[in-house]
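This report concerns only the one structure given below.
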Amino acid sequence: MNNIPNNNHRGGWGSRLGFVLAAAGSAVGLGNIWGFPTAVAQNGGGGFVLVYILCILLVALPVMLAEMVIGRAGERNPVGAMKHLKPGTPWYWIGVLGVVTGFVILSFYSVIAGWTVYYFIQAAGGALVVPEGVEDTAGYFGGLFGEMIANPGYEILFVAIFMLMTILIVAAGVRKGIERAVKIMMPMLAILLLALILRSVTLDGAGEGVRFYLIPNIEALNARAVTLALGQAFFSMSLGMGVMITYGSYLSKDECLPSSAGYVVATDSIIAILAGLIVFPVIFFMVAAHGVPLENLVAAGAGLVFVVFPQIMGELPGGDAATVLFGSAFFLLLVLAALTSAVSLLEVVVAHFVDDWKLPRKKAAWSAGVIIFFLAIPSALSFGAVGWLSEGGLLGISVFDLLYTLTFQIFLPLGALGLALFVGWGWGLEHASEEIRHSTPDFRLEKAWHIMIRYVAPVAIIVILLNQIHAILFG
Ligand code: PFF
């Protein structure tokens, strides 16, 4: 009974390691290395980390398992899987929301990913070395960033390069494309991460940075921070839009689901927390060396990685060679993290085209990829290159911020709520448990998981969604 192959004409993972690496690759992305440390810095350090861990254990981990179960039982993309498991009911609209969310997230994600490719090339070519005679390094690197975002041709070119890499991997298939890519990229990512941490924690002022990062400041913890922590958890773990359904659908029936979900969640959390060990020591190095107010650095937000970081790299001990090395390693880390996540976003859309529209994989990957590339253009131009798309333009906020807020704060929590309700109440816990017990007869946390998915996760998500909507409407 345990050796039933999966819906084999769709292809499948060569091994469980391949699946776990791909799922972890999806989870570990810009959200970990850029998003998490920034969120921690802006919301009171260690206290936010604690709330984040709570959100993971109570909500994200149960939802992760729910998605994997739906995927493996449904053997299809989110739309097809839900139609298959609950035929003739409207539950599949949650899957539709997932596919739409995939389109939208990838359209703005590829813009930042394009910047990382641009910066990697710049760093490797020595552009992050401060030229002689330049006094105002902040102005200099601000200029570098400004030039990039003001130049529509450049931005679009780098989105195109990034999307091309993503399409090529997805078009090659689950085993020959995605699995092969993550087996090379994830170990590289781990090595780069460790090397960068070693460099960072041995800088002057590093200890203070680590203390700021990890010691809780309870006063800064408010309802807003809790809301952000849950949104961050969903985004960072790629939950709420069916990535784990799609990846789970390629998994064979004899692999243990709860431990797979555990590995993915643990890897993502550990890498997010470790990323802070690169970012905060560098920030405090800057504070110690230049007396720059901490608030200014923290408030830099997106600029932290693309403006503040390059500025410091030029001042690391070891001269120009160290700058080139640290800079290219850091941006390569971001490129790899972004690429393995983008692949999973595209795969959700492609699996839907392949399963439900019967398109061949290559055609599905190219058409979805090209549409997303065109959708990315307004986001790419909304950093000032085109006034009416940018902040203070026609919509009041930039297209990028609008899409980011909409998906991060509404679509993903809504999707996760739908998925929890589907497993807890719609499709039913008995069916879900049966699917898990196929491969894990002694699923010890079954009772706890039932309570989480049926009551705790839905209630937590509803409270937080209401809070988000209130904040969006009334400021
Ligand atoms: N988890 C990715 C990150 O942390 O950057 C982003 C992401 C990928 C979000 C896939 C959602 C998703 F479905």
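Only heavy atoms go into these numbers, but all of them, side chains included; no hydrogens, no water, no symmetry mates. Keep in mind it's a predicted model, so treat the numbers as computed, not measured.
A donor-acceptor pair under 3.5 Å is absent between the side-chain atoms of Ser382 and the main chain of Ser398, judged by distance alone. Formation of a donor-acceptor pair under 3.5 Å by the Ser390 side chain with backbone atoms of Gly384 is found in this model. A donor-acceptor distance shorter than 3.5 angstrom exists from the side chain of Thr323 to the backbone of Gly319, with no hydrogens or angles considered. Remark: side-chain polar atoms of Arg361 are paired, donor with acceptor, to backbone N or O of Val170 under 3.5 angstrom. No donor-acceptor pair under 3.5 Å is formed between the side chain of Glu208 and the backbone N or O of Phe284. Counting only distance, with no hydrogens or angles, the side chain of Ser200 and the backbone of Ile197 share no donor-acceptor pair below 3.5 Å. Side-chain atoms of Tyr52 do not come within 3.5 Å of backbone N or O of Leu228 as any donor-acceptor pair.
Here Pro187 pairs with nothing under the side chain to side chain contact (heavy atoms under 4.5 Å, CB included) rule; sequence neighbours left out. Applying the side chain to side chain contact (heavy atoms under 4.5 Å, CB included) rule to Ser269 yields the partners Ile56, Met237, Val265; only residues at least two apart in sequence or on another chain are considered. Shown here are the side chain to side chain contact (heavy atoms under 4.5 Å, CB included) partners of Ile410, two or more places apart in sequence or in another chain: Ile469, Ile472. Take Leu332 and apply the side chain to side chain contact (heavy atoms under 4.5 Å, CB included) test, not counting sequence neighbours, and it matches Phe120, Met188, Leu192, Leu336.
Nearest heavy-atom pair, Ala368 versus Phe353, reported as atom, atom and distance to 0.1 Å: CB-CE1, 3.9 Å. Pairing each heavy atom of Val210 with each of Pro281, the nearest pair is CG2-CG, 4.2 Å. Between Ala338 and Leu30 the shortest heavy-atom distance is CB-CG, 4.0 Å. Heavy atoms only, all atoms of each residue included: Met452 and Pro62 are closest at CB-CG, 3.6 Å. Scanning all heavy atoms of the two residues, the minimum distance from Val59 to Ala457 falls at CG1-CB, 4.1 Å. A pairwise comparison of heavy atoms in Thr116 and Phe331 identifies O-CB, 4.1 Å as the closest pair.
Between Tyr250 and Trp13, the ring planes are perpendicular. Angles over 60° get that label, and only those under 30° would be called parallel. Ring geometry, Tyr404 versus Phe235: the interplanar angle exceeds 60°, so the pair is classed perpendicular (tilted spans 30 to 60°).
By the 4.5 Å heavy-atom criterion applied to side chains, Ile105 and Phe408 are not counted as neighbours. Looking only at side-chain heavy atoms (C-beta outward), Leu412 and Leu239 stay at 4.5 Å or farther from each other. Under the 4.5 Å side-chain criterion, counting only non-hydrogen atoms from C-beta, Lys362 is not in contact with Ile167. At a threshold of 4.5 Å between non-hydrogen side-chain atoms, the residues Ile461 and Phe234 count as touching. Using a 4.5 Å heavy-atom threshold, the side chains of Leu189 and Ile271 count as touching. Between Val49 and Val40, the closest side-chain pair of non-hydrogen atoms falls below 4.5 Å. Residues Leu345 and Met241 are in side-chain contact: their nearest non-hydrogen atoms beyond the backbone lie under 4.5 Å apart. When side chains are defined from C-beta on, Leu194 does not count as touching Leu198, because their heavy atoms never get closer than 4.5 Å.
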Discussion item. Please determine whether side-chain contact (heavy atoms from CB on, under 4.5 Å) holds for the pair Phe108 and Val399, giving the CA-CA distance in whole Å, both sets of side-chain angles, and the decisive distance to 0.1 Å.
Written reply: CA-CA 9 Å; Phe108 69 76; Val399 174; over 6 Å; no
Discussion item. Applying side-chain contact (heavy atoms from CB on, under 4.5 Å) to Val99 and Val348, what does each step give before you reach the verdict?
Written reply: CA-CA 6 Å; Val99 174; Val348 171; 4.2 Å; yes
Discussion item. Walk me through whether Val463 and Asn467 qualify under side-chain contact (heavy atoms from CB on, under 4.5 Å).
Written reply: CA-CA 6 Å; Val463 169; Asn467 188 309; 5.6 Å; no
Worksheet entry | Verdict with reasoning, Thr340 to Met186, per side-chain contact (heavy atoms from CB on, under 4.5 Å) | CA-CA 8 Å; Thr340 49; Met186 292 307 283; 4.3 Å; yes
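In this model, a donor atom of one side chain and an acceptor atom of the other lie less than 3.5 Å apart for Asp268 and Ser236.
The side-chain hydrogen bond (donor to acceptor under 3.5 Å, both in side chains) analysis of residues 172-182, with sequence neighbours excluded, yields the pairs Ser15-Glu179, Glu179-Lys183. Applying the side-chain hydrogen bond (donor to acceptor under 3.5 Å, both in side chains) rule to pairs touching residues 151-171 yields Trp115-Glu155, sequence neighbours excluded.
For Gln122, the CD atom counts as densely surrounded, since its 6.0 Å shell holds more than 12 non-hydrogen atoms of other residues, nucleotides or ligands. With a 6.0 Å radius and a threshold of 12 heavy atoms from other residues, nucleotides or ligands, Tyr263 has its OH atom at or below the threshold.
Considering CG of Leu402 and CZ of Phe400, their distance stands at 11.0 Å, rounded to 0.5 Å. Atom CG of Leu203 and atom CE of Met286 lie 12.5 Å apart (nearest 0.5 Å). Expressed to the nearest 0.5 Å, how far CD1 of Ile70 lies from CG of Leu419 amounts to 5.0 Å. Atom CG in Leu106 sits 10.0 Å away from atom OG in Ser341 (nearest 0.5 Å). Rounded to the nearest 0.5 angstrom, Met68 CE and Met244 CE are separated by 5.5 Å. Expressed to the nearest 0.5 Å, how far CG of Leu128 lies from CG of Asp320 amounts to 11.0 Å.
Of the residues listed (Val117, Leu346, Ile161, Val159), the one engaging Ser110 in a side chain to side chain contact (heavy atoms under 4.5 Å, CB included) is Val159, and it is the only one.
Centroid-to-centroid, the aromatic rings of Tyr119 and Phe306 come within less than 6.0 Å.
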